[in-house]
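Remarks on the structure that follows.
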Amino acid sequence: MKNNMPGYEYRLIPEDSYESSNDIANSIVEDTALKYNVPKSEVRYPMVINYLYSIIGTCDICAYTPNLIFPFENNGQNALNDFNYGLTARNISFTAQSIDEVSTTFANRVCGFTLFPASGPIMFLNASINTWGRIIFTIIHELSHAYQALDDPTYKSSVALINAQKSQGNPYPEELQPIETEANIIASNVYVPEDSLKKEIMNTRGAS
């Protein structure tokens, strides 16, 4: 996933491509609702993240920053503890095992990426991003890649190529952009599920 440098990553796509991605997001929300035995309108992003993480098997989590400083939840410890404190405070079931220092240029370009060695996925998350909303979006984006790759070796190979290039700070092949676009749509529609959004809107109208 690219960082917002500058502005936002935004592309016009065909309606059928959007609907296909939205169908995947809806399937994830439905499965999450079943796992937690709640209506779809009660599904929230920590449930989705924890559900996806639970089904992709072994997945190591690593963080990175350009200066080993995390801008939030400073509890007087180190950057790794601060980052993990933020995850735990948001009811996310996993934490990062390590945090590495990277160049400022790399941190400004790459919000996150996932590698797929034989031992299982390794998700790398940019801990220097200055909004938790963006970090959460990146987590869902990367988990959606791992979810899609579960039973699709071709998809896994394509994502592995994208993220191997990103891990080196290189642009990935333009023909693979649809995979990134799909993951962005899935992450958007899972972060704020349609049924949950409708319920919140109706509740707000009812209270006004």
Side-chain angles (χ1 to χ4, degrees), residues 1-3 21 24-25 27-32 34-36 43 45-65 68 70 78-88 90-102 106-107 109-129 132 134-170 172-173 176-187 190-191:
M1 176 181 295
K2 295 180 182 177
N3 205 343
S21 301
I24 296 170
S27 177
I28 292 171
V29 172
E30 288 173 358
D31 289 344
T32 303
L34 286 173
K35 175 179 174 63
Y36 289 97
V43 170
Y45 75 79
M47 297 178 183
V48 173
I49 289 173
N50 293 336
Y51 165 70
L52 289 174
Y53 185 76
S54 73
I55 66 172
I56 62 175
T58 302
C59 180
D60 291 333
I61 310 296
C62 303
Y64 57 89
T65 72
L68 295 184
F70 184 59
N78 57 41
L80 179 61
N81 286 348
D82 289 343
F83 183 68
N84 285 338
Y85 176 85
L87 294 173
T88 302
R90 286 160 180 81
N91 298 314
I92 294 172
S93 63
F94 58 78
T95 54
Q97 287 83 44
S98 64
I99 190 164
D100 297 309
E101 188 169 8
V102 297
F106 183 88
R109 291 183 59 189
V110 181
C111 287
F113 60 97
T114 303
L115 301 180
F116 291 94
S119 58
I122 305 175
M123 185 193 306
F124 294 83
L125 300 171
N126 188 338
S128 68
I129 298 172
W132 262 108
R134 190 65 171 91
I135 293 171
I136 295 300
F137 183 89
T138 299
I139 291 171
I140 300 173
H141 175 108
E142 296 304 328
L143 285 174
S144 76
H145 279 319
Y147 171 81
Q148 291 279 80
L150 277 174
D151 300 310
D152 189 340
T154 300
Y155 183 94
K156 181 184 291 187
S157 297
S158 297
V159 173
L161 175 59
I162 290 172
N163 289 329
Q165 293 299 313
K166 287 196 292 186
S167 70
Q168 300 173 40
N170 300 325
Y172 49 82
L176 297 179
Q177 178 60 46
I179 292 176
E180 287 291 277
T181 300
E182 178 185 70
N184 283 338
I185 295 169
I186 292 171
V190 163
Y191 197 164

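The first residue of the sequence shown is numbered 1, and numbering continues consecutively from there.
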Q) If you look at every heavy atom in Y53 and C59, which pair is closest and at what distance? A) OH-O, 3.0 Å
Q. Between L143 and V48, is a side chain to side chain contact (heavy atoms under 4.5 Å, CB included) present by the stated rule, with each step listed?
A. CA-CA 10 Å; L143 285 174; V48 173; over 6 Å; no
Q | Verdict with reasoning, F94 to I49, per side chain to side chain contact (heavy atoms under 4.5 Å, CB included) | A | CA-CA 9 Å; F94 58 78; I49 289 173; 3.6 Å; yes
(Q) Tell me the closest heavy-atom pair linking N126 and I135, and the distance in Å. (A) O-CG1, 4.1 Å
**Q.** Exercise: identify the closest heavy-atom pair between I99 and A79
**A.** CD1-CB, 3.8 Å
Q. With a 4.5 Å limit on heavy-atom distance, are the side chains of F83 and L87 in contact?
A. yes
Q | Euclidean distance, D60 CG relative to M123 CE, rounded to 0.5 Å | A | 10.5 Å
Distance-only donor-acceptor pairs under 3.5 Å for side chains of residues 154-162, two or more places apart:
{"residue": "Y155", "atom": "OH", "partner": "H145", "partner atom": "ND1", "Å": "2.8"}
{"residue": "S157", "atom": "OG", "partner": "P153", "partner atom": "O", "Å": "3.0"}
{"residue": "S158", "atom": "OG", "partner": "T154", "partner atom": "O", "Å": "3.2"}

Q: For C111 and Y64, work out which heavy atoms get closest and say how close.
A: C-OH, 3.4 Å
Q: Kindly compute the distance separating CG (L52) from CD1 (I139), expressed to the nearest 0.5 Å.
A: 11.5 Å
Q) In this structure, which one of T114, L115, T138 forms a side-chain contact (heavy atoms from CB on, under 4.5 Å) with F124? A) L115
Q) For the side chain of S144 and the backbone of H141, is there at least one donor-acceptor N/O pair under 3.5 Å apart? A) yes
Q. Within a strict 4.5 Å, meaning less than it, do heavy atoms of the P117 and I122 side chains meet?
A. yes
Q: Using the side-chain contact (heavy atoms from CB on, under 4.5 Å) rule, pick out the option among I185, N184, I186 that qualifies with E182.
A: I186
**Q.** Qualifying residue, where the test is side-chain contact (heavy atoms from CB on, under 4.5 Å) with Y36 and the options are V43, N50, D31
**A.** N50
Q | Side-chain heavy-atom pair Q148, D152 within 4.5 angstrom cut-off | A | no
Q: Check whether any side-chain N or O of Q97 sits under 3.5 Å from a backbone N or O of T95 as a donor-acceptor pair, and report yes or no.
A: yes
Q.
If you compare all heavy atoms of L80 against all heavy atoms of A96, which two are closest, and at what distance to 0.1 Å?
A. CD1-O, 3.6 Å
